[in-house]
Undergrad: 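Sharing a structure below in structure tokens format, with a few things to ask.
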Amino acid sequence: MSHVARQADGDEKRERVNFIEQEVLQDLQLPKLAGRKVATRFPPEPNGYLHIGHAKSICLNFGLAEKYGGTCNLRFDDTNPSKEEQEYVDSIQEDVRWLGFQWNELRYASDYFDQLCDWAIQLIKAGKAYVCDLTAEQTREYRGTLTAPGKNSPFRERTVDENLKLFAAMKAGECADGARTLRAKIDMAASNINLRDPVMYRVLRSHHHRTGDKWCIYPMYDWAHGQSDSIESITHSICTLEFEDHRPLYNWYCENLGIYHPRQIEFARLNLSYTVMSKRKLLQLVKEGHVSGWDDPRMPTICGMRRRGYTPESLRAFCDRIGVAKFYSTIDVTVLENSVREHLNLVANRVMAVLNPLKVVLTNYPQDQVELMDAINNPEDASAGSRQVPFSRELLIERDDFMEDAPRKFFRLKPGGEVRLRYGYIIKCDEVVKDPVSGEVLELRCSYDPETRSGDENAVPRKVKGTIHWVSAAHAIKAEVRQYDRLFLTENPEVAPEGENFLANLNPDSIRVATAYLEPSLKEVKQGHFQFERTGYFCVDSVDSTAEHLVFNRIVPLRDSWAKMQEK
Ligand code: ATP
Ligand code: MG
């Protein structure tokens, strides 16, 4: 099912119906779901900040609900108190909202601890669960392997009464941590290892961020997840492929409890090149100080990307573009960067900023004259209007836009050569002033052609091949700019040299800080996304920027900006 509309410019705009949507649409026809709308949930564990992989899951779950008039809950899967914190709960809510989604209900797996406990007792009474005294290590041994069946636990045949008593003791805090478990009595010879008498509860004395010290037994993921879905009347429980092998257990619990039974559907998790995605590794980057925090603009976290200047629209467009599949693949990080560029191209106002300045003196321009040049804010959006940029005798241009021994095809400034200053005049480089000792170029002495002012109807229609940006030296304001590069040097950072780990692949040069000179319209700017013409997209850093000390993050460079300028 795919609908392709061809646009005039030949671009294909697809409205795809992914395989999950197809299944969902079919299921909604079933008698079991008669009259129901699709109901999904996004179930993060609050043990870290969300990353771009989670954004994919969020877009999928909330997107389905939005598209088909259903609902999506945000449910914290908080069954593992030793790693979970309120800080993460708060950040996850902020990130989901920022992405542009609103949950139907906010739930916690811990809301269901009492119900889960009652259901455990129900299974014990039905002879389908037992208390086991094997240690964690013994449990592993008895479980068998992919090729060898497991062995029954010696505690498997305990009576219902004994199990009820022992489970009550576990719950009452009469057993040491790890001393006992409650296990489902399924089949130790099952080919699917998850069905070999999986643990439902463990004894664990750990303070829970919501239930405090009420519990000293905590449910395992599998014992909590399907039932939580069931309680919330979720129709489709969408998760990543690693849970495919857990589906039979998900089904077994719902069937044996005789409760409403949602359908689990799996999809392939997002992997991005040059990126690590597991929360454990991201936590390590933060804890060991390889980055400044979860919101470091180089992090693949949603808060990092937000601070970097990525927009929610661009992340949603990215998730849309990569689609949903059943097989693992790695998406090239440039797909993400292009989504960001495409959105910013539409919404970011253009400004002129010089990142690596070279002084230009216009020798024939009146000493104290200042002209205000009309500059268009956004050629993609007429409603963004225009602004005025001061032009004067002393300007700064990008050092790269001048070349002393330039090849023939170099259309920017060279000795004796001409170039147009954006929104200004055509200038000619008459003289190169150098440091007599180092030979470094200190300034260019140029003349301007007063007949060539941009936008002036009476201007002489003269064309030169190159256009460069500039700022007026006396009017420019200084700012710190942080230019980011990939955090990792290798496409798959997980592959590390013998004896080392992913940290060996860190890019030692992933941030470059420079002082830039900006046009004065950016004075005291507090927030926002801009295109620094010909350079890239930048945003005001939300954490470190102040009125006295502006800090900008480079969001993405403009791809091939130079090549594009030549065509103009
Ligand atoms: P990680 O492996 O990064 O630590 P996780 O799977 O433990 O992540 P959860 O908080 O359990 O993180 O994930 C919440 C939801 O997001 C789950 O449904 C999970 O399947 C989904 N999810 C996590 N990582 C990705 C990913 N890379 N791509 C798509 N979905 C993901
Ligand atoms: Mg998880």
Side-chain angles (χ1 to χ4, degrees), residues 18 20 40-65 72-85 87-93 95-96 99 101 103 107-110 209 219-222 224-226 228-229 232 234 236-247 250 262-287 294 299-305 315-316 318-331 333 335-336 492-494 502:
N18 65 47
I20 292 183
T40 56
R41 85 289 170 262
F42 172 63
E45 182 177 356
N47 63 350
Y49 282 70
L50 297 182
H51 51 61
I52 181 74
H54 294 115
K56 176 171 174 172
S57 175
I58 292 170
C59 288
L60 183 58
N61 280 296
F62 283 91
L64 269 171
C72 181
N73 287 352
L74 174 60
R75 183 201 314 142
F76 288 102
D77 177 22
D78 55 350
T79 53
N80 195 4
S82 49
K83 292 189 192 159
E84 296 161 3
E85 289 173 31
E87 173 193 351
Y88 300 134
V89 170
D90 296 338
S91 76
I92 289 169
Q93 295 185 47
D95 288 350
V96 172
L99 276 172
F101 297 109
W103 47 88
R107 298 291 187 101
Y108 296 82
S110 55
H209 66 102
M220 301 302 286
Y221 170 87
D222 286 312
H225 202 84
S228 302
D229 286 341
E232 293 174 26
I234 299 302
H236 293 86
S237 177
I238 298 163
C239 60
T240 40
L241 275 179
E242 35 335 334
F243 294 103
E244 195 171 10
D245 288 344
H246 295 242
R247 185 175 357 119
Y250 183 108
R263 172 169 177 205
Q264 175 178 310
I265 305 180
E266 309 85 14
F267 70 99
R269 63 169 47 227
L270 168 66
N271 291 308
L272 263 189
S273 62
Y274 297 95
T275 310
V276 299
M277 207 89 92
S278 104
K279 277 189 272 195
R280 195 174 52 76
K281 295 198 171 94
L282 297 178
L283 181 64
Q284 192 179 348
L285 288 172
V286 173
K287 285 246 156 96
W294 286 99
M299 289 282 272
T301 49
I302 297 184
C303 58
M305 291 183 170
L315 296 190
R316 290 204 307 266
F318 167 71
C319 291
D320 218 39
R321 181 164 299 173
I322 59 177
V324 182
K326 276 186 215 179
F327 304 100
Y328 288 116
S329 66
T330 298
I331 304 288
V333 70
V335 178
L336 173 61
N492 181 357
E494 313 275 346
F502 73 107

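Here, residue 1 is the first one in the sequence, and each next residue gets the next number. Each ligand, and each atom within it, is numbered from 1 in the order the structure gives. Atoms considered below: every heavy atom in the structure, side chains included; atoms not considered: hydrogens, waters and symmetry mates.
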Undergrad: Polar contacts were defined as any N/O atom of the residue lying under 3.5 Å from an N/O atom of the ligand; does this apply to Ile238 and ligand 1?
TA: no
Undergrad: Please could you name the atoms of ligand 1 that Pro43 approaches to less than 4.0 Å, counting only its heavy atoms?
TA: 14 (C), 18 (O)
Undergrad: Any idea which atoms of ligand 1 are less than 4.0 Å away from a heavy-atom of Phe267?
TA: 29 (C), 30 (N)
Undergrad: Should you measure from each heavy atom of Pro44, which atoms of ligand 1 turn up under 4.0 Å away?
TA: 10 (O), 14 (C)
Undergrad: Using a strict cut-off of 4.0 Å, indicate which atoms of ligand 1 neighbour a heavy atom of Thr240.
TA: 19 (C), 20 (O), 29 (C), 30 (N), 31 (C)
Undergrad: May I ask you to check whether Tyr250 and His246 place their ring centers less than 6.0 Å from one another?
TA: no
Undergrad: Is there a side-chain hydrogen bond (donor to acceptor under 3.5 Å, both in side chains) between Tyr49 and Glu87 once you walk through the steps?
TA: CA-CA 9 Å; Tyr49 282 70; Glu87 173 193 351; 2.7 Å; yes
Undergrad: Before signing off on this row, confirm whether Met277 and ligand 1 have an N or O atom pair separated by under 3.5 Å.
TA: yes
Undergrad: Output, in order, the C-alpha distance, side-chain angles, deciding distance and verdict of side-chain contact (heavy atoms from CB on, under 4.5 Å) for Ile331 and Phe318.
TA: CA-CA 10 Å; Ile331 304 288; Phe318 167 71; 4.0 Å; yes
Undergrad: Between Lys279 and ligand 1, does any nitrogen or oxygen pair lie at a separation below 3.5 Å?
TA: yes
Undergrad: Go through the structure and list residues passing salt bridge (charged side-chain N to carboxylate O under 4.0 Å, His left out) with Asp229, not counting sequence neighbours.
TA: Arg41, Arg75
Undergrad: Is there a side-chain contact between Gln284 and Phe502, using heavy atoms and a 4.5 Å cut-off?
TA: yes
Undergrad: Judged on heavy-atom distance to atom 11 (O) of ligand 1, which of Arg41, Lys56, Arg269, Glu45 sits nearest?
TA: Glu45
Undergrad: With sequence neighbours left out, what residues match Lys281 under salt bridge (charged side-chain N to carboxylate O under 4.0 Å, His left out)?
TA: Glu494
Undergrad: Is ligand 1 less than 4.0 angstrom away from at least one heavy atom of His51?
TA: yes
Undergrad: Output the list of atoms in ligand 1 that are nearer than 4.0 Å to some heavy atom of Ser278, sorted by atom number.
TA: 3 (O)
Undergrad: Before signing off on this row, confirm whether His54 and ligand 1 have an N or O atom pair separated by under 3.5 Å.
TA: yes
Undergrad: Using 30° and 60° as the class limits, which term best fits the ring planes of Tyr88 and Trp294: parallel, tilted or perpendicular?
TA: perpendicular
